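This report refers to the structure that appears directly beneath it.
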Number of protein chains: 2
Amino acid sequence: MNETPPLSRIQKKNRRAILDAALDVFSQYGFRGTTLDQIAQTSGLSKPNLLYYFPTKEDIHTTLLDELMQDWQDPMRAIDPEGEPLEEILDYVQRKLEMSRDFPRESRLFANEILQGAPQFLDALKGGPRHLFDEKVALFQTWMDQGKLAQVHPQHLIFSIWSLTQHYADFEVQIRIYLGPEGKDPYPEAGKFLRTLFTRMLTP
Amino acid sequence: MNETPPLSRIQKKNRRAILDAALDVFSQYGFRGTTLDQIAQTSGLSKPNLLYYFPTKEDIHTTLLDELMQDWQDPMRAIDPEGEPLEEILDYVQRKLEMSRDFPRESRLFANEILQGAPQFLDALKGGPRHLFDEKVALFQTWMDQGKLAQVHPQHLIFSIWSLTQHYADFEVQIRIYLGPEGKDPYPEAGKFLRTLFTRMLTP
DNA sequence: GTCTATATTAAGATAGAC
DNA sequence: GTCTATCTTAATATAGAC
């Protein structure tokens, strides 16, 4: 559908630098709260140079969101209908938690977008993601009906997984303040806690 | 410490209108993503008139955050050390969920502030709130040691309550998309779900 | 207290040299 | 491809009339 203009090595490198810097800033301040000056400064490129690689500020933002949508659902896709139900869900929780640990900026970019009313996502969310969600809801319901999982509201179960795992990225500042004087890594304990939580909730 | 200039009725009314409009906009776009024009339009007042009531944009924002800090901890303060442990926690969860339902904009204002690194909150959070948090952590630990609650990491327990309840306000757009075609109120089912979750996790 | 007009700076984007 | 200079619009804030 699209032309595929071959990118030189330097082009790739600079596009990456811009997107990386933009992710830093957009994930913290949202689209409207972010300025090209900030992205320029963070990336080490000049402002006109940004606009040589991306026609507009919005285009940078959209590119980031598009990339995010590619990977963000991988953990849910990986839930295996043939697997052992509780283990499948615990593994899903673990994968989501690792996403928060390893890609906190992406999580916050997403959070910012939703907070602002998901202007870009609204349509995208109704498409593929919605279908995947419904599919896993049905799967969880089947497992519960077969007595392999305790009965809970399957949609809210998924919301709870998203909420509990993304919280460690989105509210990281707050977590660090409350976890005490010198912030050791909260993720190992978070993993243990969440494993306990979902095991107790879902064991039939 | 401060002068207390008596406010006329019209002053109170206009200040309220401004703060209410500002809450609308700040909670959606964050401090930097919000413009005075938006607040002016939403409140129905002219832009110079905003600045008659509040010296700067920042002053409006700070006022909102200060008010928020007043009430935001009430649900946690209300946990009764003399009460029945599981019921106290379930009631706390319920109060937090009601805050999300009744004051979603406040929840999102808070979320935005944390996402942006909590520039205003950092110091405030280390003060009173931190003390209250530690006090309840100790209380939960006591209850667990007495065998009145199942053992879990008490700090992460509190994070989980915040996360699960605030999620319904902060990610409301997403929730509505996934809950289906015509969005009935998600809160009754959320309340039931969370009650089940915390009962199963915490029953000794 | 509220308004119109305006000063001033910041921000997105472009022109054109190199 | 990158830079300096600059255009244009938007945004915070102020002045001063009413």
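Within every chain, numbering begins at 1; the chains are lettered A, B, ... in the order of the sequence lines, protein sequences first and strands thereafter. In this text the structure is predicted, and so the values were computed from the model without any measurement.
Rounded to whole angstrom, the span from the CG atom of B:L50 across to the P atom of D:dA11 amounts to 14 Å. D:dG1 atom C1' lies 15 Å from atom CZ of A:R9, rounded to whole Å. One atom, CG of A:N49, and another, C1' of C:dC18, lie 14 Å apart when rounded to the nearest Å. The distance from atom CD of A:Q41 to atom C1' of C:dA11 is 14 Å, rounded to the nearest whole Å. Rounding to whole angstrom units, CD1 of residue B:I60 and P of D:dA11 are separated by 15 Å. Rounded to a whole Å, the NE2 atom of B:H61 is 13 Å from the P atom of D:dT12.
Contact between the side-chain N/O atoms of A:Y52 and the OP1/OP2 oxygens of D:dG1 is found at a separation under 4.0 Å. Using a 4.0 Å cut-off, no side-chain N or O of B:S46 falls inside it from OP1 or OP2 of C:dT2. Residue A:S8 has a polar side-chain atom (N or O) positioned under 4.0 Å from OP1 or OP2 of D:dG1.
In the displayed structure, B:F133 atom CZ is contacted under 6.0 Å by more than 12 heavy atoms of other residues, nucleotides or ligands. Annotation for B:E58: atom CD does not count as buried by contact number, only 12 or fewer foreign heavy atoms lying within 6.0 Å. Other residues, nucleotides and ligands place no more than 12 heavy atoms under 6.0 Å from the CZ atom of A:F103.
The two residues B:Y187 and B:A169 make their nearest non-hydrogen contact at OH-N, 3.7 Å. In terms of heavy atoms, B:Y168 sits closest to B:L97 at CD1-CD1, 3.9 Å. Of all the heavy atoms in B:V173 and A:I114, the pair that sits closest is CG2-O, 4.0 Å.
Within the structure, salt bridge (Lys or Arg N to Asp or Glu O under 4.0 Å) pairs that include any residue of residues 161-175 of chain A comprise A:R108-A:E172, A:E172-A:R176 (at least two apart or interchain).
With A:Q11 contributing its side chain and A:S8 its backbone, the two residues share a donor-acceptor pair below 3.5 Å.
Of the candidates C:dG1, D:dC3, D:dG1, C:dG1 carries the atom nearest the B:Y53 side chain, counting heavy atoms from C-beta on.
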Contacts under 3.5 Å, N or O only, protein and nucleotides 12-16 of chain C:
unit_1: C:dG12; atom_1: OP1; unit_2: A:T34; atom_2: O; d: 3.2
unit_1: C:dG12; atom_1: OP1; unit_2: A:K57; atom_2: NZ; d: 3.0
unit_1: C:dG12; atom_1: OP2; unit_2: A:L36; atom_2: N; d: 2.7
unit_1: C:dG12; atom_1: N7; unit_2: A:K47; atom_2: NZ; d: 3.4
unit_1: C:dA13; atom_1: OP2; unit_2: A:K57; atom_2: N; d: 2.9

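Looking at residues 12-26 of chain A, you'll see A:N14 sit with a heavy atom under 4.0 Å from some atom of DNA chain D.
Between the side chains of B:S163 and A:S163, a donor-acceptor pair is found at a separation under 3.5 Å.
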